[in-house]
Structure formats: structure tokens, C-alpha cells
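Since the structure is predicted, the reported quantities are computational estimates derived from the model, not experimental observations.
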2 protein chains.
Amino acid sequence: MIRRTPQQPRERGIPDATVARLPLYLRALNGLAERAVATVSSEDLAVAAGVNSAKLRKDLSHLGSYGTRGVGYDVQYLIYQISRELGLTQDWAVAIVGVGNLGRALANYGGFVSRGFRVAGLLDADPEVVGDHIAGLVVEHSDGLESVIAKRGVSIVVIATPAPAAQAVCDRVIASGVTSILNFAPVVLTVPAGVDVRKVDLSIELQILAFHEQRKVNGGPVMGEEWAGEVS
Amino acid sequence: MIRRTPQQPRERGIPDATVARLPLYLRALNGLAERAVATVSSEDLAVAAGVNSAKLRKDLSHLGSYGTRGVGYDVQYLIYQISRELGLTQDWAVAIVGVGNLGRALANYGGFVSRGFRVAGLLDADPEVVGDHIAGLVVEHSDGLESVIAKRGVSIVVIATPAPAAQAVCDRVIASGVTSILNFAPVVLTVPAGVDVRKVDLSIELQILAFHEQRKVNGGPVMGEEWAGEVS
DNA sequence: TCGACTTTGTGCATTACTTCACAAAGGCAC
DNA sequence: GTGCCTTTGTGAAGTAATGCACAAAGTCGA
């Protein structure tokens, strides 16, 4: 069993669900900071982040005790602590492979640059696209993937290629020593242990919406419609 | 105690976690169908979808008993059942508001069209963009949002505008009777009860990756680095 | 028809996450 | 100081999701 020693409950074990919400809090806090708010209560921050305040407090308590009872949280200080916990106080060199519309959207997305991510390379296999200037960078041919990763210290790769190309890119990237991959291609990537893959499928959320919308309209899947295929 | 109303063949409550995985199974099944696979075991399908097989079986059991013991699941039949459950056997008219790179990527995304979603309108506030031809549609000015929704039976709206514009678009959309919104803008939308909002933040997954990457490198947040701001 | 074999569907134990509710901590007025 | 007020941080209770392990149900060859 590969699990934490029962001895050490104080180990840096932040629940996954909490980690997933920290970026949300960070965004809300940045919004407050822009409006020059100095201090915020868990209640107000929870509203701004769209969660329940008890959950917010418990989440923050996993990072440490950074609030002041009777007052709330210092906005700047909390931004710093969450950023540090997420590793956003350091500079991450990111390469984006696949410069279609999605790759372009990502390259231009302000939310990356403003959070410690630096787009260090844009690569594409299509000669038509190579050479384009996007977000201050020149698109390079994906043949040079390995050298871009090595020379520019890339530690996170974003895959935004068509589905059929994704696994091959993934393999090459891993061979170059990258262990963190963000995959936008609609395929399940096979990777060795120790490599972290996170995926975003743009259509999944839409399908979940359709599920709920359907229930609003008619209380569930259409009944009485029969399957016409062969079941054998 | 499972009480079923005579008209409902089975309990209607499918866990959220299950609903969120159904699109994943559907994608894996479509991949199998393309390769002309007729039947699949929970074990194989689980691998293809990147989940554990017990979980897969439990998820599918919430939809009904569609497998055959000793054999597995009929691929086509299961595709049909999951699609029906998710509401993808009907046609959903979707409008995309905000035609930047992301909006274009979404409009061209095959995963939408192939799953029962029909892009019925592309709208943008920028006169420069209005009139462009994208994915077989002409971009319209967002002034016409209400009329597009009403005339084309739009029931789901995708917001891909810059953050500052999102809430206003959201309000107008809701006023037009839409109750399902997919939000790509990095803001928390305020909506009345009964309206479903799902959000996708392209940078959240990247931040979660950074969190894990940081731990691989140095076992946690950089220590000894002190906060330089004013706390009290 | 039978028996060996495969694979589903699910009860149950476990783990993870959420929410409640309140004592303790600190600020602030006087 | 003292006492009131606000808000945090957290045990404890409640809820949801996961994974194990196996009986039941079905296939298939002989």
C-alpha cells in the first residue's frame, strides 16, 4: 500500500477537493485586490468565490491559520499564501503543442501569464501555421519539441492538438523528462507512473448541462422510444 | 428502501459524480464503435475510459441493467442508452456569445456537433468580428441576442466573452428564458434559482498541475521565504 | 442437459468530502 | 482593564463516493 504513514497526520496532505478550489479563491481575491479591498471575511469571500463559507474556512485552515478572528483575512497576505501553496510564486515555463483556435486562445489567455505561467514555446506540425506570430511568439515546427523543452526549461506541456496526434506528442514530451501534462485533446492518454496528466474536455460540461436541461423539460429521458438496433 | 412510482421504471437519482463520467464513457464507446468493436467488458471499457472497472459497473448500474453477464456490454446499445440518459438523442440549439479565439475553437469543435449540439448562433459585440464566416455561420451582433434565442429555439448558451461582459450577457440570456449556461469567462456569475450555470476555467487545471509539480520538485511550497507585506 | 467459466450487478466497508454549530480568539469602545 | 461583538478554526455529525469481493446470471463447449 502506498499511503501516508499513519504516524504523521500533519503531513502536507491537502485534500484534492481543496486544491481544486484554491484557484477559485485566488481569482476572487484578485478581484477584491483590484478594488482595493484590504480585508475580507470568510462569508464575503465565499460569496465572491461561489462557495459555502464553512467550506472556505476549512479549506483555508489546511494551509495554516492566516485569518484574524473578529476581522477576517488580509487580502494581499492570503493571495500570497495561496499562490505560494499552489506554486505560483515561481515561474513556470509552459509549451503549447497544437496551435489551432484552442492553442491560440490559450496562448492569448491572460489568466496564464498573470499566474506565474510563461508561454515559452508554441509548436505545430502544420507548415502553414509555423512562422505565425501569436502572443509575441513565433510558432515553431513540432519537430523541435524536444529541443524547445530542454533549452527553455519547460516543465509543463499543454497538448491542444487534434485527438489522433495527442498520444505521440505525449510520449515524446515524457521522453524529454516532462511530468506534468495538460491535455485538451479528447483522448485518454497512456502515461507511465509518476507523470501527471490533467484533462479538459470542452464538451463534457455541455453534456452535463444537457442532462439537467432535459430533466427540467420533461423529467427525464424520453420514454417509450424504443431501441431499434440489434441486441442479439 | 427504494420506492418506485409505477410510471418510472427506475429511480431517477443518478449521482452527480456518475453523470460527470458518462460523457467519458460515451467517448470511449464511440472510439470502440469506430473500430467496429461489437461488445466490450467493463474491464476493457474502464481502461479505455481511464477509470476503475468497479466504478464503471456501478455507474452503469444507475442507468439500468444493460450488460450481459459472462459477455459484457453491447457497444451500440450502451452508446444509445448513455446518450439518451444525457439527453443527447435530441437536438440542442446552442448559441455562442463572444467570438474570440475561444469562441471560434468552440464553434469548430467537432465534439459538439457530433453529440447532438447544434450551433445555432454566433454573436459578438465587436463590429470588426460581426460578419465573419465561422464554421458555416455568420457572426451576428450581440444586440440581437434576444431575438436569436427566441427565433431559433436556443436552450443552452455558451458565454465566451471577456470577463467584464459576462454578467451582462448572462442577465440578458436569462431574461430571454434560457436556464442552462456554460461559462468560460473567469468570473462567478450571479443567477436566480432554477438557472444552471457550469463553468470552465482554462487556467484552473494548470494551477492544479503546478501544485503537484512543485511537490515533486521540492516536496512543497518554498519555505524560508518570508512575507514582505504589511500584515497588521 | 450439464458443468466450467466469464462477467455483471451490488451489499458492504471504507474513505473522502461537506456542513453544522460553537468555543476560543481577537478587536474595539469606554 | 473589562465586557461585548464579530469572525475564525475545528471537532463532530452527516452525506456522498469509492473499491472490494462475491453471489447470481448468463455463455459456451461437449
Check: A:Q214 side chain to B:E85 main-chain N or O, any donor-acceptor pair under 3.5 Å?
Finding: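 Confirmed, A:Q214 side chain pairs with B:E85 backbone.
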Check: Does A:S53 offer a backbone N or O that forms a donor-acceptor pair with the side chain of A:E43 under 3.5 Å?
Finding: no
To the nearest Å, how far apart are [X] [atom1] and [N] [atom2]?
X     : N      : atom1 : atom2 : value
B:D59 : C:dT8  : CG    : C1'   : 14 Å
A:K55 : D:dA16 : NZ    : P     : 13 Å
B:H62 : D:dA16 : NE2   : C1'   : 11 Å
B:N52 : C:dT14 : CG    : C1'   : 14 Å
B:D74 : D:dT27 : CG    : P     : 13 Å
A:L56 : C:dC20 : CG    : C1'   : 16 Å
A:L63 : D:dT10 : CG    : C1'   : 15 Å
B:L60 : D:dT18 : CG    : P     : 14 Å

Check: Starting at the 5' end of DNA chain C and moving along, which residue's nearest nucleotide shows up first, B:G70 or A:R21?
Finding: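 First, find each residue's nearest nucleotide; the 5'-ward one identifies B:G70.
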Under 4.0 angstrom between [X] side-chain N/O and [N] OP1 or OP2:
X     : N      : value
A:R69 : C:dC22 : no
A:Y73 : D:dT6  : no
B:R57 : C:dG11 : no
A:S42 : D:dT8  : yes
A:K58 : D:dT10 : no

Note to self: What I'd like to find out is whether the side chain of B:Q207 reaches to under 4.5 Å of the side chain of A:F117, using heavy atoms alone.
What the structure shows: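 With C-beta onward as the side chain, the pair touches.
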Note to self: Can you tell me how the ring of A:Y109 sits relative to the ring of A:F112, calling it parallel under 30°, perpendicular over 60° and tilted otherwise?
What the structure shows: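 Aromatic pair A:Y109/A:F112 classed perpendicular.
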Next item on the list: For the side chain of B:A54, starting at C-beta, report the closest nucleotide among D:dG19, D:dT27, C:dG9.
Entry: D:dG19
Next item on the list: Output the distance between atom CG (A:D74) and atom CD (A:Q81), rounded to the nearest 0.5 Å.
Entry: 10.5 Å
